[in-house]
Amino acid sequence: MAGVSVRLPDGSTKEFAHPTTALEFAESIGPRLAKAAVAATFDGVPVDLSRTLPDGAEVTVVTVTTPLGREVLRHSTAHVLAQAVLRLWPGAHYAIGPVIDDGFYYDFELPGGAHFTDDDLGRIGDEMRSIMAEDQPFVRHEHTIDEGLELFGDQPFKREIIEAVGAGQDEVDAASEGAGEHGVSTYWNSPDFTDLCRGPHVPSTGKLGHFALMRVAGAYWRGDEKRQQLQRIYGTAWETADAVTEHLHRLQEAEKRDHRKLGVELDLFSFPQQLGGGLAVWHPKGGIVRKLMEDYSRERHASGGYEFVVTPHLANANLFETSGHLGFYKDGMYPPMEMDNGTYYPKPMNCPMHCLIFDSRQRSYRELPLRLFELGTVYRYERAGTLHGMMRIRGFTQDDSHIFCTEDQLQGEIASLLEFVMSVLTAFGFTDFTFNLSTKDPDKSVGSDEIWEKATEALRLALETSGLEYAVKEGDAAFYGPKIDIDVKDAIGRTWQLSTIQCDFNQPERFGLEYVGADNGRHRPIMLHRALFGSIERFFAILVEHYAGALPAWLAPEQVRVLGVRDDHQDYADSVAAGLESQGVRVSVDPADEPLGARIRRAKLLKIPYILVVGDDDVAAGTVGVNQRGSDRPERGVPVGAFTDTLLAEIAERSVETPASISGNE
RNA sequence: GCCUGGGUAGCUCAGUCGGUAGAGCAACGCACUCGUAAUGCGUAGGUCAGGAGUUCAAUUCUCCUCCCAGGCUCCA
């Protein structure tokens, strides 16, 4: 065989006289690289280190600290998990074991309908460690489809994956599991374990070891709740033990920001059992934050050309028949109430009622775009298992708007909406946006293809003319029209889907909406649905988590707490507080019947932005000691006026950053 | 709705191999009067989620219901 020549990522080439594996290639570059290598890529395609270099390819060595390297590591660890489970439960069926963010999972069906319990995780982990200690190789084999079916004769899920080849819909899944038109690929670890897989894998199980099994869960086979439920085990795996520890630490930190926990600690809201699942009560401290959010929203909508409307919580069933909601979402609506003149439902959406407002009299093109806005409270019967604090709740309020416009106005409206959304969200401290365009789901939609085409194109053009990058989510639209969803990234890098802009040609048609045009003819308006917060409850929860409960001063339930050093500073503390209160500052005084340190601690735990300590010096000089949130270095002797001015400016600007210094001297 | 794990004082948790419960913090009272993250003493607080069963006896064992957590499914 002639020699081979391959290209390196830096553009240089390397020649080999004999057939050479990717591992030997890595060794030829350096022993450290070879040691860190877990896989390679040939012309961008990930492959095992044992593969032979193809002539002329661009070759990279994949090391364990890269995203692809970690994927290989996690995928390989998932295989070991399956092997361990099959050892411990002979006769178990194994399904799929893909890589996910920060980890992996594997789905199983245990013999005799057995289920994993949390206690099993320890045993399984031990078994995995012994497989890793055995340092078994991952040996790749290629088979024909028939051979594959034979090989996995007693494994129904593996057979189903292989059988999906050529059958259409599950092709992509099958390919990622190693089954395709070409045949199937498997990895052999030991005489007792072979798995179906595309690869690549680390060379041997000895390369693995830094992992943790996280939890047991149920998961439907193929994600279909009509099919059987399998037992899923989630795990995480990293290149070093320290990286595992760090990951677990990050999870702990995220837990500390959990809005449900902070909701109790900061006395913001609760879910009384007597109320019923998924229904919240807002306590005064949560209530004031909500009011501030709503005030700001109303203010922006007022200046944005919106008109305020109010609609009731119940509606005749006919309304939701007309809108189509009953047809598509009956199961997600609260059950109907029979009343003397018909059947009524709690409303799950505000849009049908806004259509009725449009339809209440004849409309002229001169009125368009007509922008109706409502903080509309809706009720949805979310399934019990989906409830999640304020994030997923059964009664909530949407900052809902419906814009009726002409076809000519559509483009401009969408573009200005995109601006509006980003501007409002920025005020709350979110600056990192991503955009998704969701298109028609053929199985769950109303209206003609032509109308959908038009609506989708309008959204696409608006995104493009605004110069925004976006991803397309096929089949993710609402039943009445395509939409743009806007995700934000929070302080610890998690993304949340917040705002939505939906283009709807269907409801105006279903409701028979019309306006009189300049041509004196009747025309159908187009309706844009949009929400910025989405649900106020959910947005509030995201805000709490984003700030870990330390809300910016303009949103903080209590902005300032004044502490006298001794009892005899009480009058001065009261007067400082009264002065601030007269300027609209939310302030309280904590009297000196406990040591100062204890009162400071309590105020810090409540995440109050400013703690003012006043003592003899301050009474004499008309100053305060300012202990700012996030700082461990209080400023003494700040004139009351200087503090007040800085604070009022911070609040008026709705600053999401705390000023570096209150006195302005530093 | 499905799978797994839970529910003990306002919060965080201990405990009872079946004999009706305990700590810290919080609350309340008294004393302390203090310059930047926990002053001391005392008081009160629980149908051990709810219901049924087994038992001389159930917070503990069994079953059912409700609620919570983590997933799955769903999310107009």
Side-chain angles (χ1 to χ4, degrees), chain A residues 105 107 115-121 214-234 255 258 260-261 264-265 267 270-278 320 323-333 347-352 378 380-389 391-393 398 400 444 476-481 483 497 500 502 504 507 529 531 534-535 538 563-570 591-605 611-618 625-628 631-637:
Chain A
Y105 65 80
D107 287 347
H115 291 141
F116 293 124
T117 67
D118 289 356
D119 296 337
D120 292 328
L121 293 181
M214 306 296 289
R215 61 181 68 92
V216 174
Y220 300 105
W221 170 232
R222 290 246 183 259
D224 181 349
E225 70 174 322
K226 293 189 182 63
R227 304 200 59 174
Q228 74 207 93
Q229 191 162 44
L230 305 176
Q231 296 284 301
R232 174 171 297 178
I233 293 177
Y234 283 94
E255 238 172 77
D258 191 313
R260 294 164 301 182
K261 194 172 154 61
V264 174
E265 287 170 8
D267 197 14
S270 62
F271 291 88
Q273 266 206 31
Q274 302 92 311
L275 242 188
F320 300 119
S323 69
H325 287 98
L326 264 175
F328 282 96
Y329 292 107
K330 191 165 198 287
D331 291 345
M333 289 167 64
K347 68 172 167 181
M349 282 292 276
N350 303 300
C351 45
V378 299
R380 295 181 185 175
Y381 187 76
E382 303 284 2
R383 295 209 277 184
T386 65
L387 299 172
H388 182 89
M391 297 273 190
R392 191 81 180 270
I393 196 173
Q398 296 180 306
D400 206 1
K444 210 167 155 188
D476 221 27
F479 73 84
Y480 46 71
K483 59 177 179 172
Q497 186 187 313
T500 185
Q502 307 173 347
D504 185 357
Q507 303 242 12
H529 305 237
S535 137
R538 182 164 175 276
L563 313 179
V565 173
R566 281 191 320 270
D567 261 354
D568 51 326
H569 304 126
Q570 181 71 24
D593 52 7
E594 272 179 290
L596 181 63
R599 286 177 288 147
I600 288 177
R601 179 166 192 272
R602 188 177 326 140
K604 289 280 186 189
L605 289 175
I611 300 165
L612 303 184
V613 174
V614 295
D616 292 335
D617 300 349
D618 299 296
V626 180
N627 187 327
Q628 201 175 349
S631 156
D632 49 5
R633 206 166 44 94
E635 277 183 77
R636 291 282 294 273

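Here is how names work: the chains are called A, B, and so on, in the same order as the sequence lines, proteins then strands, and each is numbered from 1. The model shown is predicted, which means the values in this text are computed figures rather than measured ones.
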With sugar-phosphate meaning primed atoms plus P, OP1 and OP2, does [X] contact a base, only sugar-phosphate, or nothing at under 4.0 Å between heavy atoms?
X      : answer
A:H115 : sugar-phosphate
A:Y220 : base
A:R392 : base
A:G597 : sugar-phosphate
A:Y105 : nothing
A:G223 : sugar-phosphate
A:Y329 : base
A:E265 : nothing
A:D568 : nothing
A:F271 : nothing
A:D617 : base
A:T386 : base
A:K444 : sugar-phosphate
A:A217 : base

Check your understanding: Using a 3.5 Å cut-off on both pairing distances, which stems of three or more Watson-Crick or G-U pairs include RNA chain B?
Key ->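 Paired runs of 3+ in RNA chain B: B:1-7 with B:66-72, B:10-13 with B:22-25, B:27-31 with B:39-43, B:49-53 with B:61-65.
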
Any ion pair linking [Y] and [X] (charged N to carboxylate O, less than 4.0 Å)?
X      : Y      : value
A:R538 : A:E382 : no
A:D224 : A:R222 : no
A:D616 : A:R566 : yes

Practice item. Test side chain to side chain contact (heavy atoms under 4.5 Å, CB included) on A:E265 and A:L605 and set out the steps. Key: CA-CA 9 Å; A:E265 287 170 8; A:L605 289 175; over 6 Å; no

Work out how far the [atom1] atom of [N] is from that of [M], and round it to whole angstrom.
N     : M     : atom1 : result
B:G42 : B:G51 : P     : 36 Å
B:C17 : B:C32 : C1'   : 48 Å
B:A52 : B:A58 : C1'   : 12 Å
B:A9  : B:C25 : C1'   : 12 Å
B:A44 : B:A69 : P     : 35 Å
B:G15 : B:G6  : P     : 14 Å
B:G18 : B:A26 : P     : 36 Å
B:C13 : B:A21 : P     : 23 Å

Exercise for review: Might you point out which heavy atoms bring A:G564 and A:H569 nearest each other, and give the distance in Å?
Suggested key: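 What the structure gives for the nearest pair is CA-CB, 4.0 Å.
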
Check your understanding: Do side-chain atoms of A:R380 reach the backbone of A:P348 as a donor and acceptor pair under 3.5 angstrom?
Key ->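 Checked: pair present.
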
Review point. Counting distance only, does the side-chain N/O of A:D258 pair as donor-acceptor with the main-chain N or O of A:E255 below 3.5 Å?
Key: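 The answer is no, because no donor-acceptor pair under 3.5 Å joins these two groups.
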
Review point. When the ring planes of A:F328 and A:F479 are compared, do they come out parallel, tilted or perpendicular, using 30° and 60° as the limits?
Key: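 Taking A:F479 first and then A:F328, their aromatic rings lie parallel (interplane angle under 30°).
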
Check your understanding: Should the ring pair A:Y480 and A:H529 be called parallel, tilted or perpendicular, given that the plane angle runs from 0 to 90° and is split at 30 and 60?
Key ->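 Parallel.
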
**Study point:** Leading and trailing nucleotides of RNA chain B with any atom under 4.0 Å from heavy atoms of chain A
**Key:**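 Range of nucleotides touched by chain A: B:G1 to B:A76.
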
**Study point:** Flag if over 12 foreign heavy atoms under 6.0 Å of NZ, A:K261
**Key:**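 Count not over threshold, so no.
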
Review point. So which one's nearest nucleotide on RNA chain B is more toward 5', A:Q229 or A:G277?
Key: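 Its nearest nucleotide lies further toward 5', so the answer is A:Q229.
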
Check your understanding: Which residue, A:T117 or A:I600, contacts RNA chain B at a nucleotide closer to its 5' end, judged by nearest heavy atom?
Key ->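 First, find each residue's nearest nucleotide; the 5'-ward one identifies A:T117.
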
Practice item. Could you check A:R227 against A:Y220 for side chain to side chain contact (heavy atoms under 4.5 Å, CB included), going step by step and ending with a plain yes or no? Key: CA-CA 6 Å; A:R227 304 200 59 174; A:Y220 300 105; 5.6 Å; no

